[in-house]
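When reading the values below, keep in mind they use all heavy atoms of this one structure, side chains included, and skip hydrogens, waters and symmetry mates.
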Amino acid sequence: GLRRNISMHLAVVLTLFVSLTLVGMGVLLNQQAAKAAEHWGSELQITVWLCKDRDQNAACVGEVTDAQKQAIAKVVEENPEVAAYHFETKEEAFEKLKDTYAPGKFDGPNSVITAEDMPESLWIELKDPEQFEGITSAVVGLDGVSGIRDARDTLKPIYGTIDALKWGALATALFLVVAALLLVANTIR
């Protein structure tokens with residue numbers, strides 16, 4: 001009896017369709033999470049903000065000196081976790097700010113922020129994005145360092161959301177596959 005149990009067969013087909021669609025979504029989310037981790041993992045950098053005049057960090061007593069910059073560069077060069085690094089001047093940081101936020105907003109005599117307000121920084125690229133604790137702990141207490149920003153802190157919520165969606169889709173799909181198999185078994189019986 002296909003005609004006799006048409007509603008049961010329709011329910012089985014729809015349940016299998018929905019469950020396999022969710023399995024596919026879970027697999028695609030898993031692949032996307034892996035691609036995102038690979039993409040962002042290879043581009044993760046550590047930014048070391050250097051002290052500036054009127055810095056909010058109490059450890060900063062004024063503008064970073066050339067001697068302090070050289071000491072910081074030496075520590076970075078000697079660290080085996082570092083692949084490359086470069087200093088960013090106040091002017092370069094200001095140009096990045098202007099490019100990111102409305103270019104015309106920071107021009108003119110009444111500009112709220114100028115290049116002198118920007119801190120100098122040191123951008124560190126890592127050999128292995130998973131090994132970063134050594135360079136972070138080596139730089140954090142040096143004279144002339146105002147703060148450190150690790151891109152992982154910014155991306156952690158994104159990775160968490162992708163993982164939650166992936167596991168949620170897979171769990172729902174597994175539940176629906178089991179439900180469909182029970183429906184099929186019940187229909188056969």
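Here the closest non-hydrogen pair linking Q68 and G144 is OE1-CA, 3.7 Å. In this structure, V145 and C60 approach most closely via the heavy-atom pair O-SG, 4.2 Å.
Under a 3.5 Å cut-off, the side chain of E125 and the backbone N or O of A84 do not form any donor-acceptor pair. Judged by distance alone, the side chain of N79 and the main-chain N or O of V76 form no donor-acceptor pair under 3.5 Å. Without hydrogens or angle criteria, E78 side chain to V75 main chain gives no donor-acceptor distance under 3.5 Å. Here the side chain of Q31 pairs no donor or acceptor atom with the backbone of L28 at under 3.5 angstrom.
Cluster annotation: V82 is not connected to W49 through the hydrophobic network of ILVMFWY side chains, with a link wherever side-chain heavy atoms come within less than 4.5 Å. No continuous path of ILVMFWY side-chain contacts below 4.5 Å connects V13 to V178, so the two sit in separate hydrophobic clusters. Residue L122 is grouped with residue V140 when hydrophobic side chains (ILVMFWY) are merged at heavy-atom distances under 4.5 angstrom, including chains of intermediate members. Linking ILVMFWY residues whenever their side-chain heavy atoms come closer than 4.5 Å, directly or via other members, places L126 and F87 in the same cluster.
At least one side-chain heavy atom of S146 sits under 4.5 Å from a side-chain heavy atom of N57. Residues I46 and I148 meet the side-chain proximity criterion, which asks for heavy atoms closer than 4.5 Å. Looking at M118 and L97, their side chains come closer than 4.5 Å, going by heavy atoms from C-beta outward.
Distance check: K52 NZ to D117 CG gives 6.0 Å after rounding to the nearest 0.5 Å. Here I72 contributes atom CD1 and E77 contributes atom CD; the two are 12.0 Å apart, rounded to the nearest 0.5 Å.
Heavy atoms of other residues, nucleotides or ligands lying less than 6.0 angstrom from CD of Q56 number 12 at most. No more than 12 heavy-atom neighbours from other residues, nucleotides or ligands sit within 6.0 angstrom of CZ on F17.
Salt-bridge check for E95 with K98: passed, with a basic side-chain N closer than 4.0 Å to an acidic carboxylate O. The pair E120-K69 counts as a salt bridge, with a side-chain nitrogen and a carboxylate oxygen less than 4.0 angstrom apart. One finds a salt bridge joining K90 and E63 here, because a Lys/Arg side-chain nitrogen approaches an Asp/Glu carboxylate oxygen to under 4.0 Å.
Aromatic ring pairs are classed by plane angle as parallel below 30°, tilted from 30° to 60° and perpendicular above 60°; the pair H86 and W123 is parallel.
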